[in-house]
Amino acid sequence: MSFLKGTKLYSIFTGTCPVCHQEAMYKKSNPYRLGAIYDMHERCSHCHTKYKIEPSFFYGAMYVSYGVGVAFAVAAFIISYYFIGTSLMTSFYAIMGTLVAFMPIIMRLSRNIWINFFLHYDETKVKSASHSE
């Protein structure tokens, strides 16, 4: 995925700092460790970007989560109903199973998308931070 480095997609899909793309924002990389799903570092150790910009900053990620959940649900429906050829009820169960199984990923993706609305990649921060070490 290094070909995307410097883009918002890189930060969103890898969960790295949106400013320098050098460090993971989350303390645990596995989103299925449900006890630590929201545990984030306070700041990036590379460029010192503060992740929680203000108190309750990530509440806005709930709105993004709804859209991401709908996208997963539509994908599950299309795959189960049109490609596999299941009934509507079975497709409904596929949607529910998909949403439950991918809930931790949806939650993290939503946070990553939300923070990338407000913070942008800055190549000068990458260079200045690496030169100061």
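The analysis underlying the following values was restricted to heavy atoms, covering all of them including side chains, and did not include hydrogens, waters or symmetry mates. Fair warning: this is a prediction, and the values are worked out from it, not measured in the lab.
Atoms CG and NE2, from Asp122 and His21 in turn, are 10.5 Å apart once rounded to the nearest 0.5 Å. The structure places CZ of Arg111 at 6.0 Å from CE of Met40, a figure rounded to the nearest 0.5 Å. How far CD1 of Ile84 is from CD1 of Ile78: 12.5 Å, rounded to the nearest 0.5 Å. Atom CD of Gln22 and atom SG of Cys47 lie 8.5 Å apart (nearest 0.5 Å).
Note: the hydrophobic cluster containing Tyr63 does not contain Leu99 (ILVMFWY, side chain heavy atoms under 4.5 Å, direct or indirect links). The same ILVMFWY cluster, assembled from side-chain heavy atoms under 4.5 Å apart, contains both Val19 and Ile113. By the rule that hydrophobic residues join a cluster once side-chain heavy atoms approach within less than 4.5 Å of another member, Tyr93 and Val70 end up as members of separate clusters. In the hydrophobic clustering of ILVMFWY residues, with side-chain heavy atoms under 4.5 Å counting as a link, Met96 and Ile79 come out apart. If you chain together hydrophobic residues whose side chains sit under 4.5 Å apart, Val100 and Phe92 never meet in one group.
No donor-acceptor pair closer than 3.5 Å links the side chain of Thr16 to the backbone N or O of Ala24. Side chain of Thr98 to backbone of Ala94: a donor-acceptor contact under 3.5 angstrom is found. Judged by distance alone, with hydrogens and angles left aside, the side-chain atoms of Glu23 form no donor-acceptor pair with the main-chain N or O of His46 at under 3.5 Å. In this structure, the side chain of Lys28 does not engage the main chain of Ala36 through any donor-acceptor pair within 3.5 Å.
Using a 4.5 Å cut-off on side-chain heavy atoms (C-beta onward), Ile105 and Tyr32 make contact. Side-chain atoms of Thr86 and Phe77, non-hydrogen and from C-beta on, never get closer than 4.5 Å to each other. The shortest distance between side-chain heavy atoms of Arg33 and Asp39 does not fall below 4.5 Å. At a threshold of 4.5 Å between non-hydrogen side-chain atoms, the residues Tyr81 and Thr90 do not count as touching. You'll find the side chain of Met103 reaches within 4.5 Å of the side chain of Met107, heavy atoms only. Inter-residue side-chain proximity for Cys17 and His41 is flagged as unmet; no heavy-atom pair is nearer than 4.5 Å. Tyr26 places a side-chain heavy atom less than 4.5 Å from the side chain of Asn112.
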### Message
Run Phe58 and Tyr38 through ring-ring contact (aromatic ring centres under 6.0 Å, His included) and show every step you take.
### Response
CA-CA 10 Å; Phe58 286 106; Tyr38 290 130; 8.5 Å; no

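Closest approach of Asn116 and Ser11 over heavy atoms only: ND2-OG, 3.2 Å. For the residue pair Tyr51 and Pro18, the shortest heavy atom distance occurs at CE2-CD, 4.1 Å. Across all their heavy atoms, Ile106 and Ser65 have their closest contact at CG2-OG, 3.8 Å. In terms of heavy-atom proximity, His48 sits nearest to Arg43 at O-NH1, 3.2 Å.
The aromatic rings of Phe118 and Phe57 sit perpendicular, their planes meeting at an angle over 60°, well past the 30° parallel limit.
Tyr121 has its ring centre no less than 6.0 Å from the ring centre of Tyr10.
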